[in-house]
Amino acid sequence: MSEPNSEALSTPLSVKHNGQPARRPRLRGVGVVGLGYWGPNHVRNLYDLRCAEQVYVCDLDSKRREHMHQLYPGVIALSDFDELLANPDIEGVIVATPVSQHFPMARAALRAGKSALVEKPLATSRSQALELIKLARETGSVLMVGHTFEYSAPVRKIKQLLDGGALGDVFYISSTRANLGLFQRDVNVAWDLATHDISIINMLMGRAPLAVSCQGQSHYRDRTEDVALLTLDFGNSVVAFIHVSWLDPNKIRRTTIVGSRQMLVYDDTSTQEKIRIYDKGVNVLPYYDTYGQFQFSYRYGDIQIPRIEEAEPLKLECEDFVRCVGERAVPLTDGLNGLRVVSVLEAANQSLRSEGRPIPVQTEEDADA
Ligand SMILES: NC(=O)c1ccc[n+]([C@@H]2O[C@H](COP(=O)([O-])OP(=O)(O)OC[C@H]3O[C@@H](n4cnc5c(N)ncnc54)[C@H](O)[C@@H]3O)[C@@H](O)[C@H]2O)c1
């Protein structure tokens, strides 16, 4: 398989480098398992993209299957996941079931020779994620994780700005993702919501943190934290804070990046102005004779709001999956990307159970050993 298309970070995924629209492969069949809250968004995008001759959907719940059939009369609806896997026309499977089912379903799909796009997080442990990566390599299938924000235009714009040095050196990143609900049954709030922030921050930093500490509390169910605070240590005084909550009166989706040159605020709830770049900072006066003269000067410059060409991130994600299955290419959010996030979450869980002690994050090099 070829390497992930790094150009995809800075150019729309459906456009090739020469400016010509990419030829979008059409698959014989794609299946979506899990038609609860999120799965139907995958079905809609697969339908809109017309990327498969046949879209199959699967859910244990007959009401969910009927609902999908009403919306998209052309889909073939199944109740049994094994039946989906036994169909030789289905080349790729999207797993949008509860988190605890990601690993067994993705493993079964890969074993059946299908490619798999697994909703976030890829699995519930590093060892599971590693097993999926190994299996995908052995079967020559595509393994991808649904880190949707890595396909979003604002996040890709921020990556461009950071890589171009617009903010200078990153001092810290602070991210809040909070709202009231939706409580997940099988994972805590970190595995549910912080997954997005970790994937975004890993992408922006170009690497996973060295260590993580995490504190949290459960107010409704034992050992299922509904509020958590994670600290990601990237070394060299670079730190990221992530606050996630299912118990907040307001919906907040805000990331602040403070750099040595400029500061940036990304508010995903804003419809028009998701990114603001503040030409603000601190200058240390180079000369002073006494402690009393020691002072900083603060810079209050202009605020820039870059224009962002929005496209639905999930559409780009589905498009990348279909393209990679058709061309046997490596998607932007491949299995290793999924492993990096799961490694941080696993360390965060360990920290939660040991009163917030920093836990080293295992690296990919550890995985290859
Ligand atoms: N990328 C994103 O932005 C995003 C957003 C929301 C949810 N998600 C992810 O999507 C996944 C699903 O979340 P949700 O909120 O839609 O959950 P949900 O509980 O609303 O839906 C899950 C569905 O899976 C079905 N299901 C469970 N076991 C099954 C089985 N063995 N065979 C067939 N169907 C089965 C259930 O009947 C249900 O309809 C989760 O992994 C979640 O993390 C991702």
Side-chain angles (χ1 to χ4, degrees), residues 4-15 22 24 37-46 48-49 51 94 96 117-122 144-164 166-167 170 173-179 192-208 232 240 242-244 251-257 264-277 304-324 330-334 337-338 340-341 344:
N5 179 9
S6 58
E7 291 279 317
L9 292 176
S10 53
T11 55
L13 296 176
S14 56
V15 174
R24 186 182 293 148
Y37 161 64
W38 192 244
N41 292 320
H42 281 286
V43 180
R44 171 174 53 76
N45 277 300
L46 293 174
D48 289 350
L49 288 167
C51 58
I94 298 179
L117 162 52
V118 186
E119 257 314 326
K120 57 83 193 167
L122 178 61
M144 177 167 168
V145 62
H147 289 164
T148 319
F149 281 91
E150 296 192 40
Y151 289 87
S152 90
V155 172
R156 286 162 55 187
K157 178 74 187 175
I158 297 169
K159 174 74 178 160
Q160 243 180 28
L161 289 165
L162 279 178
D163 288 353
L167 303 192
V170 173
I173 301 179
S174 173
S175 203
T176 303
R177 191 171 298 271
N179 46 253
D192 180 35
L193 296 184
T195 308
H196 290 306
D197 303 284
I198 296 165
S199 113
I200 292 170
I201 292 169
N202 282 357
M203 172 190 164
L204 295 179
M205 296 298 298
R207 62 200 161 96
L232 279 54
I242 302 173
H243 169 221
V244 281
K251 179 169 178 169
I252 308 170
R253 302 280 185 264
R254 195 175 46 239
T255 303
T256 302
I257 305 175
L264 181 151
V265 176
Y266 160 41
D267 182 354
D268 199 57
T269 60
S270 168
T271 43
Q272 297 288 323
E273 300 173 357
K274 286 191 191 293
I275 296 178
R276 285 172 174 253
I277 304 162
Q304 272 183 54
I305 301 172
R307 210 179 87 78
I308 291 169
E309 208 70 59
E310 282 270 23
E312 187 185 352
L314 191 66
K315 180 179 174 209
L316 297 175
E317 181 188 308
C318 287
E319 204 173 14
D320 199 25
F321 179 57
V322 170
R323 181 185 67 80
C324 290
V330 180
L332 183 63
T333 56
D334 65 350
N337 182 318
R340 259 172 245 135
V341 171
V344 176

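Note that this is a predicted model, so its numbers are computed, not measured. Along the sequence shown, residues are numbered consecutively beginning with 1. As a basis for the values below, the full set of heavy atoms in this structure was taken, side chains included, without hydrogen atoms, waters or symmetry mates.
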Side chain to side chain donor-acceptor pair (under 3.5 Å) against [X], all qualifying residues, sequence neighbours excluded:
{"X": "T148", "value": "E317"}
{"X": "N179", "value": "R253"}
{"X": "R276", "value": "E273"}

Are the side chains of [Y] and [X] in contact, using a 4.5 Å heavy-atom criterion?
{"X": "L122", "Y": "V341", "value": "no"}
{"X": "L46", "Y": "C51", "value": "yes"}
{"X": "R254", "Y": "V265", "value": "yes"}
{"X": "H42", "Y": "E119", "value": "yes"}
{"X": "K315", "Y": "D48", "value": "no"}

Give a yes or no on whether the backbone of H243 and the side-chain of T176 come within a donor-acceptor separation of less than 3.5 Å.
no
Test item: K274 side-chain N/O and Y266 main-chain N/O as donor-acceptor pair under 3.5 Å
no
Identify the two heavy atoms, one from [X] and one from [Y], that lie closest to each other, and give their separation to 0.1 Å.
{"X": "D334", "Y": "V145", "answer": "O-CG1, 3.9 Å"}
{"X": "V155", "Y": "M203", "answer": "CG1-SD, 3.8 Å"}
{"X": "V170", "Y": "I173", "answer": "CG1-CG1, 4.0 Å"}
{"X": "S175", "Y": "T255", "answer": "OG-OG1, 3.0 Å"}

Does T195 form a side-chain contact (heavy atoms from CB on, under 4.5 Å) with H147? I'd like the steps, not just the answer.
CA-CA 8 Å; T195 308; H147 289 164; 4.3 Å; yes
For H196, give me all partners under side chain to side chain contact (heavy atoms under 4.5 Å, CB included), at least two apart in sequence or on another chain.
K120, F149, R177
Can you list the residues that meet the side chain to side chain contact (heavy atoms under 4.5 Å, CB included) rule with R207, with sequence neighbours excluded?
M205, F234
Side-chain polar contacts of residues 304-313 - donor-acceptor pairs under 3.5 angstrom, sequence neighbours left out - could you list them?
residue : atom : partner : partner atom : Å
R307    : NH2  : E309    : OE1          : 2.7
E312    : OE1  : R44     : NH1          : 3.0
E312    : OE2  : R44     : NH2          : 3.0
E312    : OE2  : N45     : ND2          : 3.3

Spacing of [atom1] belonging to [X] relative to [atom2] belonging to [Y], to within rounding of 0.5 Å:
{"X": "L117", "Y": "C318", "atom1": "CG", "atom2": "SG", "value": "6.5 Å"}
{"X": "S199", "Y": "L204", "atom1": "OG", "atom2": "CG", "value": "9.0 Å"}
{"X": "I242", "Y": "L193", "atom1": "CD1", "atom2": "CG", "value": "11.0 Å"}
{"X": "I158", "Y": "I275", "atom1": "CD1", "atom2": "CD1", "value": "4.0 Å"}
{"X": "L49", "Y": "F321", "atom1": "CG", "atom2": "CZ", "value": "12.5 Å"}
{"X": "L264", "Y": "I277", "atom1": "CG", "atom2": "CD1", "value": "5.5 Å"}

